[in-house]
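Okay, so here's the structure we're looking at.
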Amino acid sequence: MPPSQDSMNGTEQNPLLEMENGSASGPRASGSSNAQQYTGFSRIQVLSMILAQLLSAISVLLALYWAHLLGGLSWQTSKQAFNWHPVMMVIAFAVMTVSMISFRLKYMPTRSWAKRVHYMGWLVAALCATVGLIAVFHSHNAGYNGYIANMYSLHSWIGATVILLYLGQLVVGAMTFLGYTPAWWSRILERTHPSTILSIHYFLGPVVYCGTMATILLGLQEKEKFMECSYSNILKRPDYLPFLHFLDIPWVCRVSHFLALGIFLTTLCVIIALHDFQRGSHSYRRDRAS
Ligand code: HEM
């Protein structure tokens, strides 16, 4: 979408862009230096950011290994074409992870760099997800061994909802913060308080990210339905100590369980990294004072 004439003429019609560029006052105005931006962050939050990146990279490796166990990646057979779907979706999630924490990453030289990484990350994630979705539709519709129904699972319905929210966030973000502001959107922005749009953006980001996590977990569960993960057939007595049977769970299932854990723990680390822990202590002090 090219920048509109309005956005090229100046930014006075987009108060949020002014705020983001530092010409307006506000809680996120870029007048604050990097040092100010990062004071108050506990070591646990810094550690969580590092862990989030590490865990998401491990999850990508696990997804690749899992795809290898399930027959590998190719567009030549239904099974192999399908395997692109989890791999590309997990890569999209890993890129989203960097985007989510981009404004908190200490090695970003300036806020505008953080902004670039943030937006580019969401864009690259969208491209990866598109390839992942083409793969699953292709594997169902190419008729390699007959046809497979589409959009029948809970996973696919939740996934479609997350994709719609995601696209909304991407388009609104580009029109609001990057200067690709069409005239009609400028008019809406003029009538809306800047903090309203920012609040919606800050709220929807984690919703889309956690929704992606939930979709991946449901997707893994959906695929595991077609694999024999249970060891009920070898049980001769009640299974009171299931951890003793850890090795009886097939290796391919253990890998997908660990992949799911990696995705879940990555999300947990991102939530910890983004959470405003000082808010609790402010409320506590206010309550004590009143
Ligand atoms: C954010 C991540 C994901 C999104 C948004 C997503 C979305 C979708 C969508 C929209 C479909 C329907 C396509 C069709 O019916 O042809 C689908 C199908 C499927 N996906 Fe995913 N997916 C994601 C990740 C995963 C992962 C990690 C797996 C793990 C194997 C997976 C497994 C499946 C399976 C088995 C189907 C076929 C069931 C069906 O079509 O309803 N998905 N996915």
Side-chain angles (χ1 to χ4, degrees), residues 48-101 120-140 142 144 148 150-151 153-163 166 206 208-229 246 249-271 273:
S48 297
M49 276 187 270
I50 298 167
L51 270 178
Q53 290 173 90
L54 207 68
L55 283 166
S56 62
I58 293 173
S59 300
V60 170
L61 294 179
L62 278 175
L64 283 165
Y65 179 53
W66 193 56
H68 164 73
L69 291 176
L70 293 176
L73 296 166
S74 143
W75 294 92
Q76 305 307 322
T77 69
S78 172
K79 260 187 177 180
Q80 290 174 319
F82 172 82
N83 289 344
W84 281 109
H85 178 61
V87 166
M88 293 314 288
M89 291 322 212
V90 172
I91 293 177
F93 174 81
V95 181
M96 276 183 188
T97 302
V98 177
S99 263
M100 285 292 287
I101 53 179
M120 287 310 290
W122 285 107
L123 207 60
V124 171
L127 293 177
C128 295
T130 307
V131 176
L133 288 172
I134 291 173
V136 69
F137 278 102
H138 174 74
S139 91
H140 285 191
Y144 293 111
I148 303 173
N150 287 314
M151 302 296 297
S153 63
L154 172 62
H155 158 74
S156 60
W157 283 35
I158 299 288
T161 311
V162 170
I163 290 167
Y166 172 80
V208 169
Y209 186 71
C210 292
T212 305
M213 174 205 68
T215 307
I216 292 178
L217 299 192
L218 285 171
L220 290 169
Q221 180 64 58
E222 182 67 25
K223 184 70 183 168
E224 284 191 1
K225 261 187 359 196
F226 304 107
M227 295 153 34
E228 190 50 68
C229 289
F246 176 77
I249 300 171
W251 175 236
V252 66
C253 298
R254 274 181 281 157
V255 172
S256 51
H257 291 5
F258 279 122
L259 170 57
L261 276 175
I263 299 288
F264 178 75
L265 292 176
T266 305
T267 311
L268 182 67
C269 288
V270 168
I271 293 173

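- Within 6.0 Å of NZ on Lys79 lie no more than 12 heavy atoms contributed by other residues, nucleotides or ligands.
- Across every non-hydrogen atom of Met89 and Ile216, the tightest pair is O-CD1, 4.1 Å.
- In terms of modelled atom types and a separation under 3.5 Å, the side chain of Ser99 and the main chain of Trp122 share a donor-acceptor contact.
- When the ring-ring contact (aromatic ring centres under 6.0 Å, His included) test is applied to His257, no partner is found at least two apart in sequence or on another chain.
- Ring pair His138/Tyr144 is perpendicular by interplanar angle, where above 60° counts as perpendicular and below 30° as parallel.
- Using bins of under 30°, 30° to 60° and over 60° for the plane-to-plane angle, the ring pair Tyr65/His68 lands in the parallel bin.
- Using the six-membered ring where Trp is involved, Trp84 and Trp75 have ring planes that are parallel, under 30° apart on the 30 and 60° scheme.
- Rounded to the nearest 0.5 Å, atoms OG1 (Thr212) and CD1 (Ile263) are 10.0 Å apart.
- Nearest heavy-atom pair, Arg254 versus Ile249, reported as atom, atom and distance to 0.1 Å: NE-O, 2.9 Å.
- Remark: Met100 CE to Thr266 OG1 distance equals 12.0 Å, nearest 0.5 Å.
- With sequence neighbours left out, Ser156 forms a side chain to side chain contact (heavy atoms under 4.5 Å, CB included) with Met151, Ser153.
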Side-chain donor-acceptor contacts of residues 51-58 below 3.5 Å, not counting sequence neighbours, with atom names and distances?
unit_1	atom_1	unit_2	atom_2	d
Gln53	OE1	Tyr107	OH	3.2
Gln53	NE2	Met49	O	3.3
Ser56	OG	Ala52	O	3.1
Ser56	OG	Gln53	O	3.1

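- For Ile163, the side chain to side chain contact (heavy atoms under 4.5 Å, CB included) criterion is met by Leu133, Leu167, not counting sequence neighbours.
- Qualifying disulfide bond (SG atoms under 2.5 Å apart) partners for Cys229, counting only residues two or more places apart in sequence or in other chains: Cys253.
- Summarising the geometry of Thr215 relative to His155, their closest heavy-atom pair is O-ND1, 2.9 Å, with the distance given to 0.1 Å.
- Judged as a side chain to side chain contact (heavy atoms under 4.5 Å, CB included), and not counting sequence neighbours, the contacts of Ile148 are Ser78, His140.
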